[in-house]
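This one's a predicted model, so the numbers in the text were calculated from it and none came from an experiment.
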Amino acid sequence: MKKVLFVIGSLRAKSFNRQLATQAKEIIGDRAEVSELDYSDLPLLNQDIEQPEPSSVARIRKAVSEADALWIFSPEYNFSYPGHLKNLLDWLSRPVIPLDYATPTCINGKRVAISGAGGKAATANCRAKLTELLTFIKADVLPAQTGIAVPAEAWGTDILTLTEEQKADLSVQAQQLLG
Ligand SMILES: Cc1cc2nc3c(=O)[nH]c(=O)nc-3n(C[C@H](O)[C@H](O)[C@H](O)COP(=O)(O)O)c2cc1C
């Protein structure tokens, strides 16, 4: 059974992106084993603490290495991705053996799907910049994406309800991810 690792780009308890991930998990159903990456204990990247590898970094790199694919669900912060998500991807981009740039990193060649829920732009700017960053760090970014412009009423209720079309977009992503 394939393993899919979800990465939620929001730390907020009622996060719309976490709700989007829950919907995606339902769509994947029993076609894969889905888990969520907990990166809440990841330190800010500082080259002074790269070696020895911090235990949280080792745990996260292992989870990424063992996954067949990642699915990122991220909000847009100021026309881009949130800083904590950049910090995670910076850690994943670094060589595990100091100065060894020949051995592939754990994100190298990894299939990654990108989705996001946010304001009117439906996270288009965040997704474009995430695509650029992930491509630069040699991940295999899948072409299909899902962008959700959170409807006005949801900002009051904190509940994100998806349209059938949005669910269909997630289904296409799931197919690419598992194909
Ligand atoms: C620092 C910050 C910057 C933001 N900038 C944007 C933005 O550029 N575009 C946008 O659509 N929403 C922006 N938002 C609003 C987020 O889309 C909104 O808070 C969203 O609910 C966050 O996702 P979450 O519900 O998964 O936490 C910003 C929010 C924060 C906290």
Side-chain angles (χ1 to χ4, degrees), residues 4-29 32 34-40 42 44-45 60 63-64 67-93 106-107 109-179:
V4 178
L5 189 61
F6 279 8
V7 177
I8 318 286
S10 171
L11 306 175
R12 205 166 72 87
K14 291 181 177 170
S15 160
F16 292 124
N17 283 281
R18 173 159 285 102
Q19 294 179 50
L20 186 59
T22 303
Q23 296 267 353
K25 187 171 191 280
E26 261 177 44
I27 284 167
I28 289 176
V34 174
S35 56
E36 181 187 331
L37 180 71
D38 178 3
Y39 62 104
S40 55
L42 189 62
L44 286 177
L45 202 150
I60 286 166
V64 171
D68 295 290
L70 305 188
W71 195 339
I72 299 177
F73 302 86
S74 180
E76 180 167 309
Y77 280 4
N78 294 320
F79 224 71
S80 188
Y81 34 72
H84 45 264
L85 186 54
K86 175 67 158 60
N87 185 52
L88 168 67
L89 295 171
D90 283 342
W91 274 111
L92 298 182
S93 76
C106 64
I107 192 77
K110 190 70 65 182
R111 278 181 174 209
V112 184
I114 303 172
S115 302
K120 279 188 190 144
T123 71
N125 309 299
C126 166
R127 287 181 284 111
K129 286 175 180 169
L130 259 183
T131 302
E132 182 184 67
L133 168 60
L134 286 160
T135 304
F136 181 74
I137 63 177
K138 299 189 174 67
D140 177 12
V141 184
L142 298 171
Q145 298 188 351
T146 300
I148 310 286
V150 175
E153 60 274 16
W155 297 101
T157 60
D158 277 332
I159 296 169
L160 178 66
T161 308
L162 299 186
T163 64
E164 289 309 311
E165 199 181 326
Q166 290 166 340
K167 287 183 193 171
D169 287 346
L170 290 177
S171 290
V172 171
Q173 284 194 281
Q175 272 163 21
Q176 285 189 1
L177 204 67
L178 302 172

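Residue V150 comes nearest to W155 through the heavy atom pair O-NE1, 3.3 Å, listed as atom of the first residue, atom of the second, then distance. Here the closest non-hydrogen pair linking T123 and G118 is CG2-N, 3.6 Å. The two residues L160 and P151 make their nearest non-hydrogen contact at CD1-CD, 4.0 Å. Contact between V64 and C106 at its shortest, heavy atoms only, is CG1-O, 3.6 Å. The minimum heavy-atom distance linking V172 with A144 is given by the pair CG1-CB, 3.9 Å. The shortest heavy-atom contact between A149 and A122 is N-CB, 3.7 Å.
With N87 contributing its side chain and L45 its backbone, the two residues share a donor-acceptor pair below 3.5 Å. No donor-acceptor pair closer than 3.5 Å links the side chain of N17 to the backbone N or O of G116. No side-chain donor-acceptor contact under 3.5 Å links K25 to the backbone of V34. Using modelled atom types, one side-chain atom of T163 and one backbone atom of Q166 make a donor-acceptor pair closer than 3.5 Å. E76 places a side-chain N or O within 3.5 Å of a backbone atom of N125 that can act as its donor or acceptor partner. Looking only at distances, a side-chain donor or acceptor of K110 sits under 3.5 Å from a matching main-chain atom of A67.
Interatomic distance, D90 CG to L42 CG, rounded to the nearest 0.5 Å: 10.0 Å. Annotation: the span from K129 atom NZ to Y77 atom OH amounts to 15.5 Å, rounded to 0.5 Å. Interatomic distance, OG1 of T161 versus CD of Q19, reported as 8.0 Å (0.5 Å rounding). If you take CD on Q176 and CD on Q145, they are separated by 9.5 Å, rounding to the nearest 0.5 Å. Rounded to the nearest 0.5 Å, atoms CD1 (I107) and CH2 (W91) are 15.5 Å apart. Between the CG atom of L134 and the CG atom of L70 there is a distance of 8.5 Å, given to the nearest 0.5 Å.
At least one side-chain heavy atom of L85 sits less than 4.5 Å from a side-chain heavy atom of L130. Residues P75 and S15 fail the side-chain proximity criterion, which asks for heavy atoms closer than 4.5 Å. Between Y81 and I114 there is no side-chain heavy-atom pair separated by less than 4.5 Å. In this structure, R127 and V141 have side chains that are not in contact, with every pair of non-hydrogen atoms separated by 4.5 Å or more. Looking at S115 and L170, their side chains come closer than 4.5 Å, going by heavy atoms from C-beta outward. You'll find the side chain of L5 reaches within 4.5 Å of the side chain of S35, heavy atoms only.
Looking at T22, I28, I72 one by one, the single match for side chain to side chain contact (heavy atoms under 4.5 Å, CB included) with F6 turns out to be I28. A side chain to side chain contact (heavy atoms under 4.5 Å, CB included) with F73 is found for exactly one of L20, T146, V7, namely L20.
Note: Y39 and H84 have tilted aromatic rings, judged against thresholds of 30 and 60 degrees for the angle between ring planes.
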Original post:
Going through the checks in order, is the side-chain contact (heavy atoms from CB on, under 4.5 Å) test met by I60 and L92?
Top reply: CA-CA 8 Å; I60 286 166; L92 298 182; 4.0 Å; yes

Subject >> Stepwise salt bridge (Lys or Arg N to Asp or Glu O under 4.0 Å) check, K167 with E164 >> reply: CA-CA 5 Å; K167 287 183 193 171; E164 289 309 311; 3.7 Å; yes

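Between R18 and E36 there is a salt bridge, since a side-chain N of the basic residue sits under 4.0 Å from a carboxylate O of the acidic one.
Residues S40 and D38 have side chains that bring a donor and an acceptor to within less than 3.5 angstrom of each other.
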